[in-house]
Amino acid sequence: MSSIPLSFAYRAQSVDGQPLSGTIDAADPDQARQQLESLRLRVLEIEPAKARETTGAKRLGGEDFLTFNQQLAHLTSAGLPLEHGLRLIAQDMRRGRVASTIRQIAGELERGEPLGSAFERHASRFPPAYGRLIDAGVRTNNLSGMLLNLGEHLRTLGRVRAALWRAMAYPLAVFVALCLVVAFLGGWVFPQFADIYRMWHTQLPWATQFLIDNGRLIGVIAASLAVAVVALLLLYRILATMGLHRGLQDGLVLRLPLVGPVVQRSLIARWCDAVRIAVTGGMDLPVAMRTAADAVGSNRLERDTRHLIGRLESGQGVDSNERFSVMPATVPAAIELSSRHGGLPQTLATLAQMYQQQAQAKVGMIPAVLTPLMLALLTGIIGFIILAMFLPFVRLISAISGGKW
C-alpha cells in the first residue's frame, strides 16, 4: 500500500553555496532527502513542514494583513510575477516570522505549487479560508478583483468592530471604576467608620448597620466584578487574535443584551459579503457558503450554513417559518430566490449592506442606553453609601442641638 505524501520543510545549499529553503512532498524524511540530493543540493535540515509552521505561529494582524493584501492585489493587477512581488512584500514586513512565511510561499510558487495551496499550507498565519478565496480568484483569472473585494470586506468589518468597542468603552470604564471605588470603601473606609460608631454605643440606622456588617463582603464582590470584566475583555481579545474566540462569542457574547444583536447582524453581514466574494470568484454556491462560514468564524452560523446547504441541495427549499440559530429567515429565502432567477451577487451585496447598517444602528443604541444606566447606578450606589455612612452623624448633631437642625 502506497504511503500518503507528506510535506517537509528543508534548509539546503546549492553547489555554489547559495542557501535555499522551502518545502517538498515525500512519503518520509529519507525520501525527501533523496529527492533533494538528486537535485544536487546539500541538505542542512529537514523536518515536517506542519510542525515548523505551527511552532510559534503568529497570525498576521489586522492592519498588517490589510497592507499585505492590498500590496498583493496591486502587484497582481500590475502584472508583476507573484514570486518576485511576495519577496518584495516580505522585505517590507517588520515581523520576522511573517516575512519568513511569505518568502516560503514565494519559494513554493517558484517550484510550481498552486497559489491557493501555498497559502493553505500556511493557513495559521492568515485569516480563515484566505487560501481558498485566492484559489478561486486564480481560477477565474480575477485575483486582483478578489483581493480588493476581500480588503474592502475586512475594512468594513474593522469599522464595525471599532464602533462597537468605542460604544462599550465608556460604560465599561464607568462600571469598572465604580466597582473599584466600592471595593476601596468596603475594604478600608467602612471598617474605619465601624470603629467610630462602636464607641458611641448607640443603635445605628439599618442602612449604616448593613454596610458595616457586610462592607468587606461588598468590597470583595465589587473587586471581583471589576477583575472579571477586565479579564473577559482581555481573554476575548487574546482568543480573537489567535482565532480561538468562537466558543466565547457563541456562548456568551451573542446572548448579551444590546451587544448580542450587534454581533449577530455583523456576523450575518460578513457571511453574506463573504458568500458574494466567493460566488463572484467562481465558487459553486454550497462551496461558497462553507467557505464563508469558515471565514466568519461562528460555530452557530456554521451549523445554520450546513443546514441551509442540505435543504438547497436536496431541493426542499427554505421554509419561511423555519428558525435558524443565528441566520434570519430573510437570508435563506432571498438566496434561494436569487439563485433561481439570477442576480445572486447583487442580492448578497444588498443583504450585507442591510445587516451592516442594522448593526451600526444598534451600535449607536448602546451608549444611549448604557451611559444613563451607568450614571444612574453610580449616583444611586455612591449616594446610598454617603447617606448610610453620615446618617448617624446627622442624628447625633440633631440630638445635641435639641432636635433642631
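Counting from 1, the numbers follow the sequence of the chain as shown.
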side-chain contact (heavy atoms from CB on, under 4.5 Å) partner of Gln356, chosen from Gln358, Met354, Gln360 = Gln360
query = Within a strict 4.5 Å, meaning less than it, do heavy atoms of the Leu204 and Leu391 side chains meet?
reply = no
task = Go through Leu172 and Leu370 one step at a time and tell me if the side-chain contact (heavy atoms from CB on, under 4.5 Å) criterion holds.
result = CA-CA 9 Å; Leu172 287 176; Leu370 286 186; over 6 Å; no
ask   = Regarding Ser298 and Trp271, is there a side-chain donor-to-acceptor distance under 3.5 Å anywhere?
value = no
note = One should read off an interatomic distance between Arg306 CZ and Arg290 CZ, to the nearest 0.5 angstrom, of 10.0 Å
Other residues, nucleotides, ligands: >12 heavy atoms within 6.0 Å of Tyr170 OH = no
request  = Start with the C-alpha gap between Asn299 and Arg303, add the side-chain angles, then the distance that decides, and say whether side-chain contact (heavy atoms from CB on, under 4.5 Å) holds.
outcome  = CA-CA 6 Å; Asn299 293 328; Arg303 288 194 297 269; 4.1 Å; yes
task = Let me see the working for Ile385 and Val189 under side-chain contact (heavy atoms from CB on, under 4.5 Å), right down to the final yes or no.
result = CA-CA 11 Å; Ile385 291 174; Val189 176; over 6 Å; no
inquiry  = Counting C-beta onward and ignoring hydrogens, is there a side-chain heavy-atom pair between Val331 and Pro328 closer than 4.5 Å?
reply    = yes
query = In chain order, what residues pass the side chain to side chain donor-acceptor pair (under 3.5 Å) check against Gln209, with sequence neighbours excluded?
reply = Asp213
ask   = Could you state the interatomic distance from CG (Asp304) to CD (Glu302), rounded to the nearest 0.5 Å?
value = 10.5 Å
request  = Kindly check if the number of other-residue, nucleotide or ligand heavy atoms within 6.0 Å of CZ (Phe210) is above 12?
outcome  = no
request  = Taking Ser266 for its side chain and Val262 for its backbone only, find out whether a donor-acceptor pair lies under 3.5 Å.
outcome  = no
task = Check step by step if side-chain contact (heavy atoms from CB on, under 4.5 Å) holds for Leu164 and Ile366.
result = CA-CA 8 Å; Leu164 180 59; Ile366 292 177; 3.6 Å; yes
task = Evaluate salt bridge (charged side-chain N to carboxylate O under 4.0 Å, His left out) for Arg270 paired with Asp273, printing each intermediate quantity in order.
result = CA-CA 5 Å; Arg270 291 166 54 193; Asp273 203 28; over 6 Å; no
query = Which heavy atom in Ile46 sits nearest to a heavy atom in Arg33, and how many Å separate them?
reply = CG2-NH2, 3.5 Å
query = Any side-chain heavy atom of Ile221 sitting closer than 4.5 Å to one from Leu217?
reply = yes
key: Closest approach of Ala183 to Ala222 (non-hydrogen atoms, all atoms of both residues)   = N-CB, 3.9 Å
message = I need the single residue from Val227, Leu233, Leu234 that forms a side-chain contact (heavy atoms from CB on, under 4.5 Å) with Val230. Which is it?
response = Leu234
message = Nearest 0.5 Å, please: how far is CG in Leu373 from CG in Leu378?
response = 12.5 Å
Over 12 non-hydrogen atoms of neighbours within 6.0 angstrom of CZ in Arg300 = yes
ask   = Can you check whether Leu254's main-chain N or O pairs, donor with acceptor, with Gln264's side chain at less than 3.5 Å?
value = no
ask   = Sequence neighbours excluded, which residues qualify as ring pair (Phe, Tyr, Trp, His ring centres under 6.0 Å) partners of Phe193?
value = Tyr197, Phe390
request  = Over all heavy atoms of both residues, which pair between Ala388 and Pro392 is shortest? Give the atoms and the distance, please.
outcome  = O-CD, 3.5 Å
request  = Check ring pair (Phe, Tyr, Trp, His ring centres under 6.0 Å) between Trp165 and all other residues, then give those that pass, not counting sequence neighbours.
outcome  = none
note = Scanning both residues in full, the closest heavy-atom pair of Leu285 with Ser339 reads CD2-CB, 4.2 Å
task = Search all heavy atoms of Pro261 against all heavy atoms of Leu256 and return the closest pair with its distance.
result = CD-O, 3.8 Å
message = If we ignore hydrogens and angles and just use 3.5 Å, is the side chain of Ser338 paired with the main-chain N or O of Ile335 as donor and acceptor?
response = yes
query = Could you give the distance from CD (Gln353) to OG1 (Thr350), rounded to the nearest 0.5 Å?
reply = 7.0 Å
key: Point-to-point distance, once rounded to the nearest 0.5 Å, from CG of Leu185 to CG of Leu180   = 11.0 Å
ask   = Going from CE on Met168 to CG on Leu258, what distance comes out if it is rounded to the nearest 0.5 angstrom?
value = 8.0 Å
request  = Work out which heavy atom in Met327 is nearest to a heavy atom in Leu301; give both atom names and the distance.
outcome  = CE-CD1, 3.8 Å
